[in-house]
Number of protein chains: 2
Amino acid sequence: MVTIYDIAKQANVSAMTVSKVINNTGKISEKTRARVKKIMEEMNYVPNSMARSLVLQETKMLSLLIPDITNPFFTTLARGAEDAAMRLGYKLLFGNSDESLTKEKEYVDMILSTRVDGVLFSAASDLSEPHLQTLRKHRIPFVLLDREVPGVESDAVTGNSREGARKLVEHLVGLGHRRIALVNGSLSVSTARDRLDGYKDALKLNDIPFDESLAFESSYKHFEDEGMLRRMLELPDPPTAVFAGNNFLAVGLIRKLLELGVKVPDRMSVVCFDDLGASVIDPFFTVASQPAYQFGAMGIQLLVDRIKGATTPEWKKLVLPSELIVRGSSGRPPA
Amino acid sequence: MVTIYDIAKQANVSAMTVSKVINNTGKISEKTRARVKKIMEEMNYVPNSMARSLVLQETKMLSLLIPDITNPFFTTLARGAEDAAMRLGYKLLFGNSDESLTKEKEYVDMILSTRVDGVLFSAASDLSEPHLQTLRKHRIPFVLLDREVPGVESDAVTGNSREGARKLVEHLVGLGHRRIALVNGSLSVSTARDRLDGYKDALKLNDIPFDESLAFESSYKHFEDEGMLRRMLELPDPPTAVFAGNNFLAVGLIRKLLELGVKVPDRMSVVCFDDLGASVIDPFFTVASQPAYQFGAMGIQLLVDRIKGATTPEWKKLVLPSELIVRGSSGRPPA
DNA sequence: TTGTATGCGTTATCAC
DNA sequence: GTGATAACGCATACAA
């Protein structure tokens, strides 16, 4: 590897002069600057960012932790984060926790040893709290993304899950549905709780009693529990519509419904949170669409502001709105 | 930040003793080892991997460059790479070039300055060659993924695009199709050329003349060119089936076909390379499915072997087979 | 079994 | 304008 010393020798200057040329710092005559630059080119010099980090005490790296890299919501978010990071001169270290606390912990350890300048953290669940406390203890700035974590105060970019859920369910009510089921993610994830609240809000606003036997808890990763579905359908007064906590739950749900011969939306309407991405032929789902790209982009912005101290001490909370998009998966209840 | 010196002071030993405890190297009495470990715990010590890299001349970081983070093929590949990397004790630095040479170059620069130990490189196109030469010049080991690049010799994990394409087209021929169009990715990407060859192979094997007016070139990112589609449909002897170069092309194609009122597969069969991922309700496409996860996992394995010198000097070429999966998007041609 | 000196590649400080 | 020196946090080689 060629170092500043190699350049210095070739250019008949000291290493310091080379360093100054690289960083455009200090006073250097145009002549030597040009000579040094030329030699750097010739020798294919690339600064060693490890050495740089060591003395500067900053890595210009940020870490992004997401819970599901297969979900288009998070990959789109990742693109937003990546673009913003690059624009601001930071590298982005991705991590995918797969909703697993074990994996998440491994990433946190890695983050600490890598001395990244900050972390964009989309928590696996409320149980991620100790991981965040660890980051706090080591004074690594972080911004919570999409999910809040009880007991952790911090900057955050979240969606308005409660309102989005209410809008989705009110849409169903508007179509004439009264028996509306909820198939939710784990309630140890803040968005799932908010969506439950929004669901209840909508019911209350329309004088529909909350029926516990219609509220199911699953996982945002996928819907596989066929038993749950059967129980739902075999209820004395079964639902005519389902609000799914996220896109993947909706997909899994509809797959099973089709297997069981339940037509959507003819016999059952389905609505959900989050879009399904580019691989879908026919945008079919009625969704509360969230600006995933913005989640990432704004998250990075907040994080970098915090790192640079360019922000007030109070925690910044950014709440991005969701948009109700009505499509083919919801319709009037069967007569 | 707490360093080995802080630990050393607390434990009444030298910094070196601490270092040895951390790395399990040299002889240390059980007593001091225990004491040092305890103090490391208490002080929340985390080794500084920058400093470590600097002296060890290795970062234990690998870089993965993919051309499209929104495509399930590449995200699945990324998961495979990530899992394998973590298992082997490496961190993974993701990069998404978006099929853009400019972005790709930025990532290459970043890779060089970060001194990653190796790179998993899925090239934007043949024009990525200078980027790879740059890596070579700086002696950074790399493994080509999915796509070969003319003029660059290296380890590689690729699919058998030619054979996969032949199988897909022969499947169509078997159904009775004779007029089969090809909507391909850019021919400056090796897999697109291979798929064109496989397409031609299948035609020749079945005594169907290659008709240039049926072979279209688009981009793997998406299919948007409605003009191309109209020209195809308005041909004197229009195709009854299309072989799409990848999943996204097939999705875009079918969307346009549906808009134009052309039913699939009734009036037009569509087959393609690569699956569509978890967001699809109803697996509908007849595809040549590639083991995307394996691409990433094996790629990392090859790369780490190369880094450790645990492999022969000759370049290793791994070719992973694709599997023909027949589903609803292909059928007999209309009478 | 433990400690000392040295260097990895860079930059900040201050002297020339 | 330019350069010598020390420091960032750690590990290797060698002494004690």
Side-chain angles (χ1 to χ4, degrees), chain A residues 1-37 39-40 43-61 91 110-117 138-140, chain B residues 1-37 39-40 43-61 89 110-117 138-140:
Chain A
M1 276 292 108
V2 21
T3 74
I4 49 172
Y5 283 95
D6 302 322
I7 308 290
K9 197 174 296 174
Q10 284 292 319
N12 276 317
V13 293
S14 79
M16 257 317 69
T17 306
V18 178
S19 174
K20 281 169 187 159
V21 169
I22 293 169
N23 299 292
N24 276 315
T25 149
K27 304 282 168 210
I28 302 282
S29 78
E30 265 317 313
K31 220 171 63 187
T32 48
R33 174 184 305 278
R35 191 166 80 252
V36 168
K37 282 207 163 177
I39 294 185
M40 292 199 315
M43 299 187 72
N44 297 309
Y45 171 74
V46 180
N48 184 325
S49 65
M50 300 295 138
R52 213 154 193 276
S53 303
L54 196 56
V55 43
L56 256 29
Q57 299 285 51
E58 65 168 11
T59 55
K60 285 289 181 185
M61 284 197 220
K91 292 163 258 182
M110 180 194 103
I111 282 165
L112 292 177
S113 77
T114 310
R115 302 290 198 269
V116 299
D117 296 342
H138 288 268
R139 324 190 134 215
I140 305 206
Chain B
M1 275 295 106
V2 21
T3 73
I4 50 172
Y5 287 95
D6 302 323
I7 307 290
K9 199 174 295 175
Q10 283 294 318
N12 276 316
V13 293
S14 79
M16 269 318 83
T17 306
V18 178
S19 173
K20 281 169 188 159
V21 169
I22 293 168
N23 299 293
N24 276 315
T25 149
K27 304 283 168 208
I28 302 283
S29 77
E30 265 318 312
K31 220 171 57 188
T32 49
R33 173 183 307 278
R35 190 167 82 253
V36 169
K37 281 206 163 176
I39 294 185
M40 294 198 314
M43 301 187 72
N44 296 309
Y45 171 75
V46 181
N48 183 324
S49 65
M50 299 295 138
R52 222 184 143 83
S53 302
L54 198 56
V55 41
L56 256 28
Q57 299 284 51
E58 63 167 14
T59 55
K60 285 289 180 184
M61 283 198 221
M110 180 194 104
I111 283 166
L112 292 177
S113 77
T114 310
R115 303 290 198 270
V116 299
D117 295 343
H138 288 269
R139 325 194 134 210
I140 304 205

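Lettering of chains follows the sequences in order, A, B, ..., and the numbering in each one begins at 1. All heavy atoms count here, side chains included; hydrogens, waters and symmetry mates do not.
With the nearest nucleotide of DNA chain C identified for both B/Val13 and B/Ala51, B/Val13 has the one nearer the 5' end. Each of A/Ile28 and B/Val46 was matched to the nucleotide of DNA chain D holding its nearest heavy atom; the match closer to the 5' end belongs to A/Ile28.
Going from atom CG of A/Asp117 over to atom CD1 of A/Ile111 covers 12.0 Å, rounded to the nearest 0.5 Å.
Dashed line: the shortest gap from a side-chain N or O of A/Ser29 to OP1 or OP2 of D/dG1 is not under 4.0 Å. Distances shown here put every side-chain N or O of B/Gln57 at or beyond 4.0 Å from the OP1 or OP2 atom of D/dA11. Within the 4.0 Å cut-off from OP1 or OP2 of D/dA11, at least one side-chain nitrogen or oxygen of B/Arg52 is found. The side chain of B/Thr17 places no N or O atom within less than 4.0 Å of a non-bridging phosphate oxygen (OP1 or OP2) of C/dT2.
Within the 4.0 angstrom heavy-atom criterion, base atoms lie near A/Ile4. Within 4.0 Å (heavy atoms only), A/Ser49 reaches no atom of the nucleic acid at all. A/Thr25 comes within 4.0 angstrom of nothing in the nucleic acid, heavy atoms only.
Per the geometry, CE belonging to A/Met50 stands 12 Å off P belonging to C/dT10, to the nearest Å. Here the C1' atom of nucleotide C/dG9 and the CD1 atom of A/Ile22 are 10 Å apart, to the nearest Å. What separates CD of B/Glu30 from C1' of C/dT2 is a distance of 15 Å, to the nearest Å. As a whole-Å value, the separation of B/Asn12 CG from C/dT2 P is 13 Å. D/dG1 atom P lies 11 Å from atom NZ of A/Lys31, rounded to whole Å. To the nearest angstrom, P of D/dC10 lies 16 Å from CG of B/Asn24. B/Leu54 has its CG atom 12 Å from the P atom of C/dT11, to the nearest Å. Per the geometry, CE belonging to A/Met43 stands 13 Å off P belonging to C/dG9, to the nearest Å.
By the neighbour-count criterion of 12 heavy atoms within 6.0 Å, atom NZ of A/Lys60 is densely surrounded, having more than that number from other residues, nucleotides or ligands.
When distances run from any side-chain atom of B/Met16 to the nucleotides C/dC8, D/dC8, C/dG3, the shortest one goes to C/dG3. With D/dA11, C/dA12, C/dT10 as the choices, the nucleotide that has an atom nearest any side-chain atom of A/Asn48 turns out to be C/dT10. The side chain of B/Thr3 lies closest to D/dC10 when the candidates are D/dC10, D/dA11, C/dT11. When distances run from any side-chain atom of A/Ser14 to the nucleotides C/dT4, D/dG9, D/dG3, the shortest one goes to D/dG3. Picking from D/dT2, D/dC10, D/dA11 the nucleotide with the shortest atom distance to the side chain of B/Asn23 gives D/dA11. Among D/dA11, C/dT2, C/dG9, the nucleotide with an atom closest to any side-chain atom of B/Leu56 is D/dA11. Here C/dT10 is the nucleotide among C/dT10, C/dT2, D/dG1 with the atom lying nearest to any side-chain atom of A/Tyr5. Closest to the side chain of A/Tyr45, from the set C/dT10, D/dC10, C/dT2, is C/dT10.
Among all heavy-atom pairs drawn from A/Thr3 and A/Tyr45, the shortest one is C-CE1, 3.9 Å.
At a cut-off of 3.5 angstrom, the base of D/dG3 holds at least one donor-acceptor pair with the side chain of A/Lys20.
Listed for the B/Arg115 side chain is no donor-acceptor partner under 3.5 Å among the backbone atoms of B/Gln57. Looking at B/Asn48, its side chain does come within 3.5 Å of a backbone N or O of B/Met50 through a donor-acceptor pair.
Side-chain atoms of B/Asn44 and B/Val2, non-hydrogen and from C-beta on, never get closer than 4.5 Å to each other.
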